[in-house]
Amino acid sequence: MKNIWKSLKKPIFILAPMDDVTDTVFRQIIGDLAAPDLYFTEFTSVDGLVSELGREAVSRRLQFTEKERPIIAQIWGNDPEKFKKSAQICAEMGFDGIDINMGCPEKSVVKRGMCSGLIHNPALAGLIIKATKEGAGDLPVSVKTRLGMREIQPDWIKFLLEQDLPALIIHGRTVREMSKVPAHWDEIKKVVDLKNEISPQTIIIGNGDVQSYQDGINKVKETGVDGIMIGTGVFKNLWIFDKTGKSHNPSTEDRLQQLLKHTKLFVETWGDIKSFAILKKFFKCYISDFEGASELRAKFMETKNLQQVETLVASQKFDL
Ligand SMILES: Cc1cc2nc3c(=O)[nH]c(=O)nc-3n(C[C@H](O)[C@H](O)[C@H](O)COP(=O)(O)O)c2cc1C
């Protein structure tokens, strides 16, 4: 088995999958600033992937460049056969691994027994893992999940640890908690204890509220996890994966040049496929935490295309 999880140096720092955020463009931008050890795609529907009609649209979610390696495709659904076919597709596309989403708390998918809905149905979760492994060939198949549905469910974690997974990613909240309470890192530590008992070879990745590289290192020391996955923390610190822990405080001019670079790559990659509004959510990452930032950001939020962003950047005066 080509097990990417084993070849990465610990602690492994991972950019979390985030729908409509961590596409190929954002991953390239982060990779150029301070690269994580491993990337995930946005979650991608197996229903879409295996259907003639849906494949083109959803496969954009799986688009990646060689710069974004190693990279894992994350898939979701509720039909084992479709997981098998999707895993075959992902293997053919050259991914380094496949991850099954068993953590998304979105009501519409949970109701249909998908994503975190599988926490209620370990029998189906087991069939999905088995089918995905069959389709994945020699690629490793991991699972990303939460601590439980309405409450913390050690039995769910125990069940997953019995599935011979190379890696298990734990978002330290229950489904019911959504993102409303601080992540329970004390419970993530208990997952590590359980894995030492049941499945010492499984790599445990902790996730939830990590705000800096050093914060991640502290959590590794406190809990014994093998790695850290960071999602929203990257918005406030685009250099969060910088292992030197150095604090980055770019000038306003550098921030705007970076924003322009991001805009150019977005337009070059997606053209009319993705709306410009999707890009604008990233403007806050560049234009904040300095005097006059919110006024300047408001101006950028009014732009509608690359030319307008270019003009606005060019019109700014900077003190030398
Ligand atoms: C906008 C957004 C989109 C997300 N999309 C996904 C997804 O596609 N797959 C997934 O497993 N988790 C998804 N998540 C959850 C994150 O991967 C992560 O588990 C969560 O944000 C907690 O980590 P953090 O505190 O570091 O952000 C998403 C979170 C956000 C904020």
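When a ligand or atom number is given, it counts from 1 through the structure's own listing order.
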message: Salt bridge check, K219 against D215: does any charged N sit closer than 4.0 Å to a carboxylate O?
response: yes
Nearest heavy-atom approach of Q74 to T41 is N-OG1, 3.0 Å
Going by the 4.0 angstrom heavy-atom rule, the piece of N101 near ligand 1 is side chain
With heavy atoms and a 4.0 Å threshold, my read on which part of D19 contacts ligand 1 is both
Q) Cut-off 3.5 Å, side chains only: do Q211 and N237 have a donor facing an acceptor? A) no
In ligand 1, the atoms that come under 4.0 Å of a heavy atom of K144 are 10 (C), 11 (O), 12 (N), 15 (C), 16 (C), 17 (O), 18 (C), 19 (O)
Identify whether the distance between the nearest side-chain nitrogen and carboxylate oxygen of R173 and D209 falls below 4.0 Å.
-> yes
query: Does G103 have a non-hydrogen atom less than 4.0 Å from ligand 1?
result: no
min-distance protein heavy atom vs atom 23 (O) of ligand 1 -> N207 ND2, 3.0 Å
Atom 26 (O) of ligand 1 has as its nearest protein heavy atom G231 N, 2.8 Å
Counting from 1 in the order shown, the ligand 1 atoms closer than 4.0 Å to a non-hydrogen atom of T232 are 24 (P), 25 (O), 26 (O), 27 (O), 31 (C)
**Prompt:** Short N/O distance, under 3.5 Å, between D209 and ligand 1?
**Reply:** yes
Checking heavy atoms under 4.0 Å, the part of M18 that sits near ligand 1 is both
Q. Salt bridge check: are E295 and K299 linked by an N-O gap of less than 4.0 Å?
A. no
Exercise. Should P17 be counted as touching ligand 1, given the test is an N or O pair under 3.5 Å?
Worked result: yes
For A16, the ligand 1 atoms with a heavy-atom partner under 4.0 Å come out as 17 (O)
Indicate yes or no: at least one non-hydrogen side-chain atom of Q28 is less than 4.5 angstrom from one of E68. yes
Discussion item. For the 3.5 Å polar cut-off, considering only N or O atoms, please tell me whether G233 and ligand 1 meet it.
Written reply: no
ask   = Is any side-chain heavy atom of R27 closer than 4.5 Å to a side-chain heavy atom of F40?
value = no
*Check: Q88/S86 side-chain N/O donor and acceptor closer than 3.5 Å*: no
the protein heavy atom lying closest to atom 20 (C) of ligand 1 turns out to be H171 CE1, 3.8 Å
So the atoms of ligand 1 within less than 4.0 Å of a heavy atom of Q74 turn out to be 7 (C), 8 (O), 9 (N), 10 (C), 11 (O)
Quick one, N249 and R255 - any side-chain contact, counting heavy atoms below 4.5 Å?
yes
